[in-house]
Protein chains: 2
Amino acid sequence: MRNQKQNERIREERKEQILAEAVKQFAHKGLFATKIKDIAEAAGIAQGLIYHYFKSKEDIYVEIIKDALDKLNEAVYMLQEIQLRPHEKIKTAIEELLKTIESSDNFIQTCRLIAQATNSTAIPDKTKELITEKQDLPYQEIAKIMAAGQQEGTIIKADPYELAVLFWTSINGLAIYKATRQGAVSIPDARLLTRLFLT
Amino acid sequence: MRNQKQNERIREERKEQILAEAVKQFAHKGLFATKIKDIAEAAGIAQGLIYHYFKSKEDIYVEIIKDALDKLNEAVYMLQEIQLRPHEKIKTAIEELLKTIESSDNFIQTCRLIAQATNSTAIPDKTKELITEKQDLPYQEIAKIMAAGQQEGTIIKADPYELAVLFWTSINGLAIYKATRQGAVSIPDARLLTRLFLT
DNA sequence: TATTATATTGAATGAACGTTCAATCAAAAG
DNA sequence: CTTTTGATTGAACGTTCATTCAATATAATA
């Protein structure tokens, strides 16, 4: 028989493979239009095998949404660490996020998944909990930076949280925009958006 | 027996009633998580009766998406008519749109429906056609106004279409933001957003 | 090679759902 | 009151789908 280490590795690889295909399917079609058959076919395995690795379709979905929210929060957390003035943080964040939108399918999938989940009341309860738990952090974090910048006089005077809302709705909107027009779309220059927040 | 006029009126009223409930359901849950049973129950009628008025669930959905896109285009079209300088048009549009986001559930439902439909590849082909046909007009229209304002030196210099993208992604993002936090959320002041476009 | 444990398959199951349909109801017209 | 026509109901039908399961394959170990 196989030893435990090998088994664990195979198991982990298969799980990742299934998750990777499921992310694509969910991002494009959402939870309810994505069929287990779709995921199995995309992964090149039998339908039944999916249930060897996951309890249910919902479970896969919940895990994916969790990962998506975590990924976003992690990125935001890194922003805290960087040694920059607040207004430079905002500038850098916008530049990096727009660059990522242009280059990374992965990030766009993350945005699509979160947007769908956020915009539907039909998602599993567990997903709703994750969202209430994790969705606010990016807003809070950006709001903090905005407030700090206001202290220094480099960020425009307005409710910091409202500025954060504008920040994220713009970024998110652009990601979805890019996602839904396949191919050549021109994402606005970072300086345009930056201008919205700096004095 | 009833005369034809009465029948037509009853028929029209019922259709509207079904559509009104379907809009709510679709806006909250999307096409695939909304069941015919849900719509029938919300409308207080038997499931079967829906098929006396509509050919299929998809048909209802397509009609609703069509209405949503038309409503948006109509609003944009009215903007053309107003006698104002380009930068005043942008200012007024932002003010009115933000006011509408704060007050009108109807508008928010429209935004949700369009966002969902745009963000999914699983929607009916007929819906996809409607979107490709009608979705670009608001962008074009705002881009035109931006370009005109640039001629007058009142709108910031940048690709007009990119400005339009920024315009709509912000508005749309805010509408979705409001939709998904039930109750008290503070929508940013119109002046903040206006500042993004004016010189 | 025989054994054992897990991976994998594909068919079976059962529930949910969209749609159809036969039967009944309601109301106006004769 | 009777007829006629469309509105309405609720059960029935057929399909799709998530999930389960019995059977088979694989590969490491003894």
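In what follows, chains carry the letters A, B, and so on, assigned in the order in which the sequence lines appear, proteins first and then strands, with residues in each chain numbered from 1. On a predicted model such as this, the values are computed, not experimentally measured, just so you know.
A:R14 has no side-chain polar atom (N or O) that falls below the 4.0 Å cut-off from OP1 or OP2 of C:dT6. For A:H52 and C:dA7, the shortest distance from a side-chain N or O to OP1 or OP2 is below 4.0 Å.
Between the axis at the start and the axis at the end of the helix from C:dT1-D:dA30 to C:dG30-D:dC1 there is an angle of 10°, using five pairs per end and rounding to 10 degrees.
Between A:K37 and B:I45, the residue anchored nearer the 5' end of DNA chain D, judged by the nucleotide with its closest heavy atom, is B:I45. Mapping A:L49 and A:F32 onto DNA chain D by nearest heavy atom places A:F32 at the nucleotide closer to the 5' end.
Ring-plane geometry between B:F26 and B:Y61 is classed as perpendicular, the angle between the planes exceeding 60 degrees on a 0 to 90 degree scale with a lower cut at 30.
In this structure, the side chain of A:T154 engages the main chain of A:G149 through a donor-acceptor pair within 3.5 Å. Using modelled atom types, one side-chain atom of A:R195 and one backbone atom of B:R195 make a donor-acceptor pair closer than 3.5 Å.
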>> Show, in sequence, the C-alpha distance, side-chain angles and deciding distance for B:L163 and B:I156, and conclude whether the side-chain contact (heavy atoms from CB on, under 4.5 Å) test is met.
In response: CA-CA 9 Å; B:L163 289 175; B:I156 203 178; 3.9 Å; yes
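Within the structure, every pair that satisfies the ring-ring contact (aromatic ring centres under 6.0 Å, His included) test and touches residues 173-196 of chain A, not counting sequence neighbours, is listed here: A:Y177-B:Y139.
Summarising the local packing, CD of A:Q151 is surrounded by 12 or fewer heavy atoms from other residues, nucleotides or ligands at distances under 6.0 Å.
Closest to the B:Y51 side chain, of the nucleotides D:dA18, C:dT19, D:dA7, is C:dT19.
Backbone-only engagement by B:Y53 is indicated by non-hydrogen atom pairs under 4.0 Å involving sugar-phosphate atoms exclusively.
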